[in-house]
Amino acid sequence: MKKVITYGTYDLLHYGHIRLLERAKNLGDYLIVGVTADDFDKSRGKINVRQSLMERVEAVKATGLADEIIIEEYEGQKIDDIKRFEIDIFTIGSDWKGKFDYLKEYCEVIYLDRTEGISSSELRKKKSGLMLGLVGEALFLDKFIKESCYVNGVTVKGIYTPSVDLLSNQQRNLFIVTEDYDYLLKNVDAVFIYAHPKLRERQVRYALERGKHVLCESPVALNENKCRELFELAEAKGCILMEAMKTAYSTAFSRLILLAHGGKIGKIVSVDATCTSLRDMYEEGEAEIWNSLNKWGPTACLPIFQLLGTNYCEKKIISHFNENRKIDVFSKIDFLFREAVATVKVGIGVKSEGELIISGTQGYIYVPAPWWKTDYFEIRYENPAENKRYFYQLDGEGIRYEIVAFMRAIEKGKADFYIDKNVTYAIAKLMEDFENRKDFVQI
Ligand code: C2G
């Protein structure tokens, strides 16, 4: 019996895939199809895949062409599979010509002509075709524009800011550049808001009222009730409102949260997160300076609220103010939970080691600086021989994953829970307490 194997993502299965599978099947008597796992695709830079692994497997199954379906999970697996399944022929589309010649040592390698004129990327573009507008003028938006180019189907159409003079060159070069928010909203399906934190709540509300989807940098609002109202409004309008915080969408961060929840370090008793930057003090281009807590508070609180919950018993915010600028250049927050403690240290005028440490009864998780854009962390134990290191792919600091998640949420009509609503509300409440100087000490 001649055994044939082929691999692919098979996202939005189309005629090109089916033709390939048919010809692969005809090369032998038994066809094994390897479907790529989501993590494997991510690690090879394929971030736009729209369907889940199970949906893609089901689609391949439905063709009736595969005698067996396996999952491709890691680099180098093809050699393992060929040996294990005693494969005679490895085949793949001609877009890979030459790339798999190294497998000739193990079996015959056949490149089949790729079907012209159809591809998953094109289908994804057609399916979504999302016109996105930007709100704000911070330099971060330049990064966002660059990252959006990696996401199939998203076009950044224009930008609104109350003062176009503040825009960077890249921002000025967008198709629409306007000081009229209505005009931008009329020409887009969705907006990404990265304006001064004080302005966001109004801007989110305005966009939602006009039926536009919103991705808004955290904090979405500086008041808990107003934040809740915005999410209710989004629901009533059938729009997606998603909080943006790139860290929440990075693989290393979400995995470490799962590992910690899964008991890898025993019971969690302390979470300490530090985020500081000197460079961002003026958020270059910004009309008004952001304070430390608005700038870094949401990110620093994310692991704390995700691991310990949002029902803390007490907190104390200690801020060091720069009198000239009327902002906290440094703030420390102490949280007291029923059976754990946490600290946040944030600063835009103070520099410190930006690490994250999660301490447990059996060990601790250490994420080196800058932990909010890490691809790596360690779980450390009393006996160093038991320590474990974890590496994950991180592209574009997580921003492009965030944009992909936003697109998928719009397509599905519901947001995935990267950031729990309770976490969002707890962040807004913290900002509110800071504004009202509640649980607050100034030094
Ligand atoms: N294909 C084709 N014609 C198209 C599109 C795709 O013949 N118009 C073929 C590809 O060459 C590949 C298979 O269909 O053999 C699956 O394509 P993708 O889903 O794009 O998967 P790919 O990224 O090529 O996976 O380990 C994974 C594999 O190395 C490749």
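We count ligands from 1, going down the list as the structure has it; atoms in each ligand are counted the same way.
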- Item | Candidate pair Y194 and F144, rule ring pair (Phe, Tyr, Trp, His ring centres under 6.0 Å), full reasoning | CA-CA 10 Å; Y194 196 92; F144 190 90; 8.7 Å; no
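- Each side-chain hydrogen bond (donor to acceptor under 3.5 Å, both in side chains) pair with one or both residues in residues 403-415, not counting sequence neighbours, appears once here: R50-E411, K412-D416.
- Screening M407, E397, K246 for a side chain to side chain contact (heavy atoms under 4.5 Å, CB included) involving E402 leaves a single residue, K246.
- Sorted by chain and number, the heavy-atom contacts of ligand 1 below 4.0 Å come from Y7, G8, T9, Y10, H14, G16, H17, L20, T36, F40, R44, K46, E72, K78, I92, G93, D95, W96, F100, R114, T115, I118.
- Applying the side-chain hydrogen bond (donor to acceptor under 3.5 Å, both in side chains) test to pairs two or more places apart or on separate chains, those with a residue in residues 258-267 are K267-E339.
- Ring centroids of Y418 and F253 are separated by 6.0 Å or more, keeping the two rings apart.
- Applying the ring-ring contact (aromatic ring centres under 6.0 Å, His included) rule to pairs touching residues 24-58 yields nothing, sequence neighbours excluded.
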